[in-house]
Amino acid sequence: MQQRQDYGQFDYVIVGAGTAGCALANRLSADPRNQVLLLEAGGSDNYIWTKIPVGYLYCMGNPRTDWGFKTAPADGLNGRSLNYPRGRVMGGCSSINGMIYMRGQARDYDHWAQMGNQGWSWDEVLPYFKKSEDYYAGGDEMHGSGGEWRVEEQRLSWEILDYFKQACIQAGIPETRDFNRGNNEGVGYFHVNQRKGWRWSSATAFLKPAKNRKNLHILSGAQAEALTFSGRQVTGLDFFHHNQRCCVRAGREVILCSGAIGTPQLLQLSGIGADTDIKSHGIEMRHALPGVGKNLQDHLQIRTIFKVKNIKTLNDYAETLSGKMRIGLEYLLKRSGPMSMAPSQLGAFVKSDTGLKTPDLQYHVQPLSLDAFGQPLHPFSAFTASVCNLRPYSRGEVKIRSADPFDSPDIAPNYLSDAHDREIAARSIRLTRKIVGQRALSPYVTQEFLPGAEFETDADLAQKAGDISTTIFHPVGTAKMGTDKQAVVDKRLAAHGLKGLRIADASVMPTITSGNTNSPTLMIAEKAADMILQDSRR
């Protein structure tokens, strides 16, 4: 067997240079006494399509930047499987995602605290959101300024989106200019992680300013193989670096930041998890934590599409050479327009039932239509109003397929497996129809293209939701924080029953946040950094 190259010992070994890993590397290496190693399986983010906002179209499904996962076929999706992009590049998903800055709702975090995770209430996590934020309008009681995480308004304008916003207001949904003040109810344009028309990833924000620190060592092309142990103490990591077998030791902690898919995969490869998920692959059982890989939650968006007339959509501009040239020229000269677009521009948070205290639905509205991202735009004028259930009841799991770390895990989100979620799906489509039926859109909308006005019953609408829905790429919860038997980490993100192992990424969320999950993941990293540094002084 090939001898392992020994990389020596570091105080902290961080696995995964995604949203959380880049931030942690910055914070932990700020003290020159800490020796920090950051490992990333992917390569450099020195790639034009990780810089231009519309580049997500060329990064998803691209092996240079994406793991290329697929989900298992789901009964709730009528047997379909979905592409499941996850960032495999410096910056992780923040280098290929939709750039929407969204914290979620105060109730999300208060609920975490009520579940036994003291220290994670809204009032306690808000300072960590503000710490890293550089809000375009300056700081106030809810926003931070001067931090690394730039938040700006979008640099575009679409009439069809303005009319959709008016229709929402006519349907009783209030207008808002800020979704990030604790209750995100309302309709308005999303704020984005961009700076002057360029994507602002975690690698750009946190890693670039710190990469020349002598105590921070960054290794790309490093595929984690398994954690190493001495009894219940996690001592380091075995990994591959460009096909060379390697090892490294952690003097204080190994910190997993590989996300809701990569983190449970590495734990299971290391013999940590449910014995039924591990022993069948010939892996030695090291530590029983049955919740590893369980509790997978994600936001499934129902992509309703409406044909329009007498108004321009991106479909119209993109179908001609002159239109494409106009788009490119606008970005070249102004850093604005379609090439600066996040995948979704207009948002709305609404209640599927008036009896709810806070919104449980989120709209992502786009001045375009296509079968799926990466596919050509439709050859007709149309817009898409995607709507997702913010708090799904359906739960899935992630399990390794083999002992090979290069083998993709089995990802089964089990979308729409719960009857409640199917009921909410039907309500969502009806609410969308109510909005589109308002007078603001009546001069323009000509046809409900998807799912089709002929589908009216709850059963029909739930069935069609399974046909036209896709993930919005928000997997969380597979190494959840808590005190119950399914919990993997405690409130300080330390693995239950082990020493020297902490997890700081979206996998620790006990329940999914009410909105896009990238900035909540960054908040988790900020709070984790404080706890790690506090514990190191004890």
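With no hydrogens or angles considered, a side-chain donor-acceptor pair links N83 and K70 at under 3.5 Å. Donor-acceptor pairing under 3.5 Å is recorded for the side chains of T432 and Y363. Looking only at atom types and distance, the side chain of T358 has a donor-acceptor partner in the side chain of Q105 under 3.5 Å away. In this structure, a donor-acceptor pair under 3.5 Å is absent between the side chains of D45 and T50. A donor and an acceptor atom, one from each side chain of T471 and D298, are located under 3.5 Å apart. For the residue pair S507 / D505, a side-chain donor-acceptor distance below 3.5 Å is found, with atom types taken as modelled. Neither side chain, S394 nor N414, offers a donor N or O lying under 3.5 Å from an acceptor on the other. Under the 3.5 Å distance criterion, with hydrogens and angles disregarded, no donor-acceptor pair is assigned to the side chains of N193 and S94. Checking W112 against S121 by side-chain atom types alone, no donor-acceptor pair falls below 3.5 Å.
The two atoms that bring S202 and W149 nearest to each other are N-CZ3, 3.5 Å, heavy atoms only. Heavy-atom minimum distance, G291 versus V488: C-CG2, 3.7 Å. A pairwise comparison of heavy atoms in T483 and G116 identifies CG2-O, 4.4 Å as the closest pair. Of all non-hydrogen atoms in K351 and L431, the two that sit nearest each other are O-CD2, 4.2 Å. When every heavy atom of S428 is checked against every heavy atom of V387, the shortest pair comes out as CB-CG1, 3.7 Å.
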Inset, instruction - Apply side-chain contact (heavy atoms from CB on, under 4.5 Å) to the pair L82 and L77, showing each step before the final yes or no. - result: CA-CA 9 Å; L82 302 177; L77 301 184; 3.6 Å; yes
Inset, instruction - Might you work through the side-chain contact (heavy atoms from CB on, under 4.5 Å) test for V308 and T446, ending with a clear yes or no? - result: CA-CA 5 Å; V308 295; T446 61; 5.7 Å; no
Inset, instruction - Run the numbers on N516 and Q362 for side-chain contact (heavy atoms from CB on, under 4.5 Å), then give the verdict. - result: CA-CA 9 Å; N516 309 73; Q362 180 182 7; 3.0 Å; yes
Inset, instruction - Could you check L267 against Q265 for side-chain contact (heavy atoms from CB on, under 4.5 Å), going step by step and ending with a plain yes or no? - result: CA-CA 6 Å; L267 291 171; Q265 178 187 23; over 6 Å; no
Inset, instruction - Please lay out, stage by stage, how R181 and D178 fare under the test salt bridge (Lys or Arg N to Asp or Glu O under 4.0 Å). - result: CA-CA 7 Å; R181 304 186 76 84; D178 187 356; 3.3 Å; yes
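Residue pairs meeting the side-chain hydrogen bond (donor to acceptor under 3.5 Å, both in side chains) criterion with at least one partner in residues 54-69, sequence neighbours excluded, are Y47-N62. Within the structure, the salt bridge (Lys or Arg N to Asp or Glu O under 4.0 Å) test picks out the following pairs touching residues 428-438 (sequence neighbours left out): R430-D458, R433-E448. The stretch residues 53-62 participates, sequence neighbours left out, in no salt bridge (Lys or Arg N to Asp or Glu O under 4.0 Å) pair at all. A salt bridge (Lys or Arg N to Asp or Glu O under 4.0 Å) check over residues 477-487, counting only residues at least two apart or in different chains, returns the pairs K480-D484. Residue pairs meeting the salt bridge (Lys or Arg N to Asp or Glu O under 4.0 Å) criterion with at least one member in residues 388-397, sequence neighbours excluded: K294-E397.
With values rounded to the nearest 0.5 angstrom, D404 atom CG is found 8.5 Å from L269 atom CG. Rounding to the nearest 0.5 angstrom, the gap separating the CG atom in L390 from the CD atom in Q297 is 12.0 Å. The CG atom of L501 lies 5.0 Å from the CG atom of L256; values are rounded to the nearest 0.5 Å. For the atom pair R199 CZ and S95 OG, the distance stands at 6.5 Å (nearest 0.5 Å). Rounding to the nearest 0.5 angstrom, the gap separating the CG atom in D360 from the CG atom in D353 is 8.0 Å. Between S344 atom OG and I100 atom CD1 the span is 5.0 Å, to the nearest 0.5 Å.
Residues satisfying the side chain to side chain donor-acceptor pair (under 3.5 Å) criterion with Q463, sequence neighbours excluded, are N78. When the ring-ring contact (aromatic ring centres under 6.0 Å, His included) test is applied to H281, no partner is found at least two apart in sequence or on another chain. T513 pairs by the side chain to side chain donor-acceptor pair (under 3.5 Å) definition with nothing, not counting sequence neighbours. Remark: Y128 engages no residue in a ring-ring contact (aromatic ring centres under 6.0 Å, His included) (not counting sequence neighbours). Residues satisfying the salt bridge (charged side-chain N to carboxylate O under 4.0 Å, His left out) criterion with K279, sequence neighbours excluded, are absent altogether. Applying the ring-ring contact (aromatic ring centres under 6.0 Å, His included) test to F206 and every residue at least two apart in sequence or in another chain returns nothing. For the ring-ring contact (aromatic ring centres under 6.0 Å, His included) test, residues two or more places apart in sequence or in another chain that qualify with F449 are H378, F380.
The closest donor-acceptor contact from the side chain of S258 to the backbone of V15 lies under 3.5 Å. One N or O on the side chain of Q154 and one on the backbone of F190 form a donor-acceptor pair closer than 3.5 Å. Side-chain atoms of N295 come within 3.5 Å of backbone N or O of G477 as a donor-acceptor pair. In this structure, the side chain of E526 does not engage the main chain of T521 through any donor-acceptor pair within 3.5 Å. Using a distance-only test at 3.5 Å, with no hydrogens or angles considered, a donor-acceptor pair links the side chain of R422 to the main chain of S417. Checked by atom type and distance alone, the side chain of Q366 never pairs as donor or acceptor with a backbone atom of A385 at under 3.5 Å. When atom types are taken as modelled, the side chain of R401 and the backbone of S408 share a donor-acceptor pair closer than 3.5 angstrom. Distance alone, capped at 3.5 Å, places no donor-acceptor pair between the D410 side chain and the K399 backbone. In this structure, R80 contributes its side chain and P73 its backbone to no donor-acceptor pair below 3.5 Å.
Aromatic pair F179/F349: ring centres closer than 6.0 Å. The distance between the ring centers of Y393 and H420 falls below 6.0 angstrom. Separation of the F406 and F240 ring centroids falls under the 6.0 Å cut-off.
Under the 6.0 Å distance and 45° angle rule, K491 does not count as a cation-pi partner of W120.
Within a 6.0 Å radius of CG in D407, more than 12 heavy atoms belonging to other residues, nucleotides or ligands are found. By the 6.0 Å contact criterion, CG on N243 is open, its count of non-hydrogen atoms from other residues, nucleotides or ligands being 12 or less.
Ring pair F164/F383 is perpendicular by interplanar angle, where above 60° counts as perpendicular and below 30° as parallel.
For the side-chain contact (heavy atoms from CB on, under 4.5 Å) with L370, the qualifying choice from T384, L377, I305, N315 is L377, the only one to do so.
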